[in-house]
Q: 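The structure's right below; bear with me while I get my questions together.
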Amino acid sequence: MLIRIRRGWEIPDREVTPEALVFNRRALLQAGGAAGIALSGLALPSHGQAQTAATPEFPTPARNPRYQPERGLTAEREATTYNNFYEFGTDKGIYRAAQKLPLRPWTVKVDGLVDTPREFSVDELIRSMPMEERAYRLRCVEAWSMVVPWTGFPLSALLAQVGVKSGAKYVRFETAAMPAVMPGLRQSWYPWPYIEGCTVAEAGNDLSFVVLGAYGKPLLPQNGAPIRFHQPWKYGFKAGKSLVRISLVAERPKTFWEAIQAQEYGFWGNINPEVPHPRWSQASERILGTGERVPTKLFNGYGEFVSDLYTGLQSERLWA
Ligand SMILES: Nc1nc2c(c(=O)[nH]1)N[C@H]1C(S)=C(S)[C@@H](COP(=O)(O)O)O[C@H]1N2
Ligand SMILES: [Mo]
């Protein structure tokens, strides 16, 4: 039995109505797969009074005030129509093609050097993990950026469920490879599936966030539905979309972009305005939607939370 952990800053008056809804929702999920699909937010047939309150099918927890985005939220339209998701194609307009991604059933395997390897269904995670909203900056190495209100939970909460063994040094993220719906996989020179990774220490940082929703709704396919990752102090390419497996491993995983072009993309991918990428200066960034250009900050402005992770690692290639 997983315990729903309430955060101190969560607004208590949200609890009264949602309790009843959560109860109904569980009953519906137990009733079978059809209800599960309906509750994913794609289709909303009426299931009685449980559906009348605001978005009972997906939790809308309070925003964590600790992480201030310091800029306005990016318009949802921008964030959902200008994407990188090479499995669906290399242009920014893959949102149409991505609608073919089947979102249920969907499970994520958590395995490797853990005490209890397990496979979690996405709906189980939505019900049982300590969900919160976080408005994070996202900075792509192509020098554009946005601010998205994600819904999800800290990766550390999931790792606590399985228990990380002492030999584990890295986390390897594997994302979906579904040739039937992903035309990009025909580009066979790319090393599919898209793999990403970080250290166990980075994974344990509270900013490391497993994302299930955005803008108060379940994640859309183009943003990596039904479950993706995000570490806001790293370039966007570190954030694997449509995760199927999270493995605790002893060796540093070979990541997708590193495998393609090791001179341009390293393992760490930390944001640093002073270290240019061969094709893009990282000194400034274009804000999606407004087109405004602003200086880029070290660690994307999250240094106070993460710089300690890198003491003693100066010999590593810490910046993309
Ligand atoms: N599986 C997968 N994940 C991926 C990518 C991808 O091509 N495939 N692109 C990455 C890059 S380069 C960026 S900038 C972000 C973009 O996330 P967004 O489209 O939700 O803004 O997703 C990352 N995750
Ligand atoms: Mo990116």
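As the structure lists them, so they are numbered: ligands from 1, and atoms in each ligand from 1. Since this is a predicted model, take the numbers as computed values, not measurements.
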Q: Identify the protein heavy atom lying closest to atom 21 (O) of ligand 1, giving its residue, its atom name and the separation to 0.1 Å.
A: Met146 CE, 2.7 Å
Q: When you look for heavy atoms under 4.0 Å from ligand 1, do you find them on the side chain of Glu142, its backbone, both, or neither?
A: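 Answer for Glu142: neither.
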Q: Name the closest protein heavy atom to atom 7 (O) of ligand 1, giving the residue it belongs to and the distance to 0.1 Å.
A: Tyr86 N, 2.8 Å
Q: Under 4.5 Å between side-chain heavy atoms, hopping through other hydrophobics if needed: is there a path connecting Leu138 to Tyr235?
A: no
Q: With a 4.0 Å cut-off on N to O distance, would you call Glu304 and Lys297 a salt bridge?
A: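 Salt bridge between Glu304 and Lys297, a charged N being under 4.0 Å from a carboxylate O: no.
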Q: Check Phe237 against ligand 1 and report side chain, backbone, both or neither, counting heavy atoms closer than 4.0 Å.
A: both
Q: Can you sort out the partners of Trp268 under side chain to side chain donor-acceptor pair (under 3.5 Å), two or more places apart, ordered by chain and number?
A: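 Testing Trp268 for side chain to side chain donor-acceptor pair (under 3.5 Å), a comparison that skips the adjacent residues, returns Glu316.
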Q: Any idea which atoms of ligand 1 are less than 4.0 Å away from a heavy-atom of Ala239?
A: 3 (N), 4 (C), 22 (O), 23 (C), 24 (N)
Q: Can Gln282 and Glu274 be counted as having a side-chain donor-acceptor contact under 3.5 angstrom?
A: no
Q: Under the salt bridge (Lys or Arg N to Asp or Glu O under 4.0 Å) rule, what do Asp123 and Arg104 come out as? Steps first, then yes or no, please.
A: CA-CA 9 Å; Asp123 292 312; Arg104 294 293 189 281; 3.0 Å; yes
Q: Going by heavy-atom distance to atom 18 (P) of ligand 1, choose the closest among Glu87, Lys92, Lys241, Glu174.
A: Lys241
Q: Among the heavy atoms of Lys238, does any lie under 4.0 Å from an atom of ligand 1?
A: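 Distance cut 4.0 Å: Lys238 fails for ligand 1.
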Q: Polar contacts were defined as any N/O atom of the residue lying under 3.5 Å from an N/O atom of the ligand; does this apply to Asn223 and ligand 1?
A: yes
Q: Should Arg228 be counted as touching ligand 1, given the test is an N or O pair under 3.5 Å?
A: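 By distance alone, the answer is yes.
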Q: Heavy-atom contacts under 4.0 Å between Glu196 and ligand 1: side chain, backbone, both, or neither?
A: neither
Q: Examine the proximity of ligand 1 to Asn84 and report which part, side chain or backbone, both or neither, has a heavy atom under 4.0 Å away.
A: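 For Asn84, backbone and side-chain atoms both sit under 4.0 Å from ligand 1.
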Q: Going by distance only, is there an N or O of Trp150 that falls short of 3.5 Å from an N or O of ligand 1?
A: no
Q: For atom 6 (C) of ligand 1, what is the nearest protein heavy atom, given as residue, atom name and distance?
A: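 The closest one turns out to be Tyr194 CE1, 3.3 Å.
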Q: Around atom 15 (C) of ligand 1, find the nearest protein heavy atom and jot down its residue, atom name and distance.
A: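 Among all protein heavy atoms, the one nearest atom 15 (C) of ligand 1 is Gly236 O, 3.6 Å.
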Q: Does one side chain, of Thr175 or Arg228, offer a donor that lies under 3.5 Å from an acceptor on the other?
A: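 Result is no, nothing qualifies.
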Q: Looking at ligand 1, does any of its N/O atoms fall within less than 3.5 Å of an N/O of Asn83?
A: yes
Q: Sorted by first residue and then second, give each ring-ring contact (aromatic ring centres under 6.0 Å, His included) pair with at least one member in residues 92-115; sequence neighbours left out.
A: none
Q: May I ask you to check whether Tyr265 and Trp257 place their ring centres under 6.0 Å from each other?
A: yes
Q: Verify the ring-centre separation between Phe256 and Tyr86: is it less than 6.0 angstrom?
A: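 Tyr86 vs Phe256: aromatic centres not under 6.0 Å.
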Q: Kindly say whether the aromatic ring centers of Phe209 and Phe153 come within a distance under 6.0 Å.
A: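 No: the rings miss the under 6.0 Å criterion.
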Q: Which atoms of ligand 1 are found less than 4.0 Å from any heavy atom of Cys140?
A: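 Contacts of ligand 1 toward Cys140, numbered from 1: 14 (S).
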